[in-house]
Amino acid sequence: MKILCNPFFLLLTAAGLLFLLRVILIKTGLIFLIEKWWRLIQDRVHVYQFLKVPEFNENMQENQLYRQVSVYLNSLSSMEDSDYTNLFTGKKSNDIILRLDDNQVIDDYFLGSRVSWKNEVKTDSIKALVLKIRKSDKRRILRPYLQHIHTVSDELDQKKKELKLYMNINQNQIGRWRFVPFTHPSTFETIAMESDLKLKLKSDLESFLKAKQYYHRLGRAWKRSYLLYGQSGTGKSSFVAAVANFLDYDVYDIDLSKVSDDSDFKLLLLQTTSKSVVVVEDLDRFLLDKPTAVSLSGILNFMDGILNSCCAEERIMVFTMNSKDHIDPAILRPGRIDVHIHFPLCDFSVFKSLANSYLGVKEHKLFPQVEEIFLTGASLSPAEIGELMIANRNSPSRALKSVITALQTEGDCRGSVNIGRSIFGNGSRVSMDGEPGDNSGIFSRESVNSITDIRKLYGLLRLKGSRKAQSFNLTKGQKDG
């Protein structure tokens, strides 16, 4: 009886019973039902205020606070305890990422107070994150809480930087951009391009990153525009991916066929963010061959109009074409296009780079034969030669022979009209915008070289001369024998 009346024993017994009760409630799910009832009672007692964070601001630009809150909420441990949660795989197959579901409610705790967020999605695809906070707590915690969200989201962005590829879809809707993870592996080390040209392009991009104050002093928007022109398969898309990976920029790929008019075109530009590469592919096809709802005036305003100064800064704009021969000069003038880069068909130096990348071969006995064929003017695109090497990657000799056969049979008369292999060469020149005193960025705007036919003739004479030399050596050897 003394033991039963001992206060310590009674306290220990009560603790054990409470623990047992909690285990029973958790196992049966009753604990969650009790918590829900308790929350309803609190909602009846307290007065709440609702603060909405819309996805877009009044200018139809992305609301950065919406993005920060979204990143923050998706990182909360309470996401795992919510009623509905979307599961996705990350960059690695064993990474599991949690994402808010439509109209999902999630709780958070800050400075001893509970707040809740709702991922509100209306029928017209307008999204907003709605904060529910007690009025009695608002003055005390709201500002430090929002600052906490800002800090945490920035830290998460630095740790888990995941590039995105945005595509414009669904005409006449507010949220025009949809994205997928950008996982293209192309880098400046893997693209088939002359090493000097790579170094100068990387230097140009690095100079751009440091030139914010310089652009502002000039009264210009902090952006850089590139024109990539050349036949299909010459590496334009791989170059865009290499730029995005080099800068850690998201990519906005604009499909002009899904743009309804000039105003819609402007709206798409307004909804792009800073630190991004904005790409308009096959611009010549839409201007010359395929009717489009976007006018020439709309394209010119998109490239350098007053709208650019209203958009997020620190952007790279890229326009691709097969040829710029019949393009209106107004599009190509400096200010709209800062750098012109020609992507020619494959030559011998690019071929050697491809052989090193695809086959791991730096020198081979068949290289002289390949070089002689290139000197005759025959050529293929880097993509075509790359596919031949991939198909025969287990045998470098067979791969090189297949390239030789393709050059002889399909590459004849397909030599590049432009032998100049880089944008740094002869022709009219344009100074690049960069830091004061920086002379590294001089790009040739045109690379048309009149010695093409001379080089072809030289190649034929060299091939003929080598055959005569072989014949002479053979005859001499027979006589000596």
Side-chain angles (χ1 to χ4, degrees), residues 61-64 66-68 70-71 90-91 153-169 176-191 193 197-216 220-228 235-255 268-281 283 302-304 307-320 336-341 343 432-435 441 443:
Q61 293 176 295
E62 184 183 14
N63 184 357
Q64 291 302 307
Y66 176 91
R67 186 193 64 80
Q68 291 174 343
S70 180
V71 171
K91 282 189 174 181
S153 65
D154 281 353
E155 291 176 354
L156 292 171
D157 283 340
Q158 292 297 324
K159 291 179 181 179
K160 297 182 179 180
K161 176 63 175 176
E162 185 179 80
L163 299 184
K164 299 180 180 64
L165 170 62
Y166 290 87
M167 297 161 287
N168 59 303
I169 59 173
R176 292 294 307 281
W177 292 109
R178 295 294 182 270
F179 71 86
V180 295
F182 182 77
T183 57
H184 199 296
S186 180
T187 65
F188 275 104
E189 286 67 38
T190 61
I191 58 176
M193 183 180 285
L197 178 57
K198 291 181 185 180
L199 291 175
K200 290 178 180 179
L201 286 169
K202 289 168 70 174
S203 176
D204 179 48
L205 292 169
E206 289 171 343
S207 176
F208 166 78
L209 291 176
K210 302 173 184 176
K212 180 178 181 179
Q213 299 302 324
Y214 176 69
Y215 273 78
H216 285 183
R220 297 183 54 174
W222 186 23
K223 69 178 183 67
R224 195 92 172 122
S225 56
Y226 294 83
L227 172 65
L228 318 180
K236 300 188 293 294
S237 297
S238 295
F239 175 79
V240 173
V243 169
N245 286 323
F246 180 73
L247 298 174
D248 278 336
Y249 280 11
D250 293 329
V251 178
Y252 287 84
D253 187 7
I254 297 180
D255 185 349
L268 286 171
L269 182 60
L270 278 171
Q271 293 180 357
T272 61
T273 62
S274 60
K275 297 182 181 296
S276 62
V277 180
V278 182
V279 185
V280 180
E281 295 188 278
L283 184 58
F302 179 88
M303 298 174 89
D304 73 340
L307 188 68
N308 275 286
S309 61
C310 303
C311 298
E313 289 195 304
E314 196 175 353
R315 284 181 293 112
I316 299 293
M317 303 187 73
V318 179
F319 305 90
T320 72
R336 291 197 173 106
I337 300 293
D338 300 314
V339 182
H340 295 231
I341 308 177
F343 286 76
M432 297 179 353
D433 299 319
E435 295 294 339
F443 283 70

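As a basis for the values below, the full set of heavy atoms in this structure was taken, side chains included, without hydrogen atoms, waters or symmetry mates. In this chain, numbering begins with 1 at the start of the sequence shown.
Annotation: Tyr226 is not in aromatic contact with Phe319 [ring centroid separation under 6.0 Å not met].
Going from atom NE2 of His184 over to atom OG1 of Thr190 covers 8.5 Å, rounded to the nearest 0.5 Å. Taken from CG in Asp204 to CD1 in Ile316, the straight-line distance is 8.0 Å, to the nearest 0.5 Å. The OG atom of Ser274 lies 9.5 Å from the CG atom of Asp250; values are rounded to the nearest 0.5 Å. Between the NZ atom of Lys275 and the CG atom of Leu247 there is a distance of 9.0 Å, given to the nearest 0.5 Å. Between the CG atom in Leu197 and the CG atom in Leu199 there is a gap of 9.0 Å [rounded to 0.5 Å]. Here the CG-NE2 distance, from Leu227 to His340, works out to 5.5 Å after rounding to the nearest 0.5 Å.
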Between Ile191 and Lys198, does a side chain to side chain contact (heavy atoms under 4.5 Å, CB included) hold up when you go through it step by step? CA-CA 9 Å; Ile191 58 176; Lys198 291 181 185 180; 3.9 Å; yes
Chi angles and distances behind the ring-ring contact (aromatic ring centres under 6.0 Å, His included) call for Trp222, Phe208: CA-CA 8 Å; Trp222 186 23; Phe208 166 78; 5.6 Å; yes
Residue pair Arg224, Glu314: steps toward the salt bridge (charged side-chain N to carboxylate O under 4.0 Å, His left out) verdict: CA-CA 8 Å; Arg224 195 92 172 122; Glu314 196 175 353; over 6 Å; no
Could you go through Thr320 and Val280, starting from their C-alpha distance and side-chain angles, then the distance that decides it, and tell me whether this counts as side chain to side chain contact (heavy atoms under 4.5 Å, CB included)? CA-CA 7 Å; Thr320 72; Val280 180; over 6 Å; no
Starting from the C-alpha separation in whole Å, work towards a yes-or-no answer on side chain to side chain contact (heavy atoms under 4.5 Å, CB included) for Thr187 and Phe246. CA-CA 7 Å; Thr187 65; Phe246 180 73; over 6 Å; no
Check against side chain to side chain contact (heavy atoms under 4.5 Å, CB included), Gln68 and Asp154: CA-CA 8 Å; Gln68 291 174 343; Asp154 281 353; 4.2 Å; yes
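Remark: Tyr166 engages no residue in a side chain to side chain donor-acceptor pair (under 3.5 Å) (not counting sequence neighbours). A search for side chain to side chain donor-acceptor pair (under 3.5 Å) contacts involving Ser153 returns nothing, not counting sequence neighbours.
Thr183 places none of its side-chain heavy atoms less than 4.5 Å from the side chain of Leu165. At least one side-chain heavy atom of Val243 sits less than 4.5 Å from a side-chain heavy atom of Leu205.
Looking only at atom types and distance, the side chain of Asp338 has a donor-acceptor partner in the side chain of Ser225 under 3.5 Å away.
When all heavy atoms are compared, the tightest approach of Leu201 to Phe188 is CB-CE2, 4.3 Å. Considering every non-hydrogen atom in both Met303 and Lys223, the closest pair reads O-NZ, 3.2 Å. For the pair Ser238 and Ser186, the tightest heavy-atom approach, listed with the atom from each and the gap, is O-OG, 2.9 Å. Across all non-hydrogen atoms, the minimal contact from Asn168 to Asp255 is OD1-N, 2.8 Å. Closest of all the heavy-atom pairs between Lys164 and Phe182 is C-CB, 3.7 Å. Between Trp177 and Asp253, the shortest heavy-atom contact is CZ3-O, 3.8 Å.
Judged by distance alone, with hydrogens and angles left aside, the side-chain atoms of Ser276 form no donor-acceptor pair with the main-chain N or O of Val278 at under 3.5 Å.
Just one of Thr273, Val318, Leu268, Leu269 meets the side-chain contact (heavy atoms from CB on, under 4.5 Å) condition when paired with Tyr252; it is Thr273.
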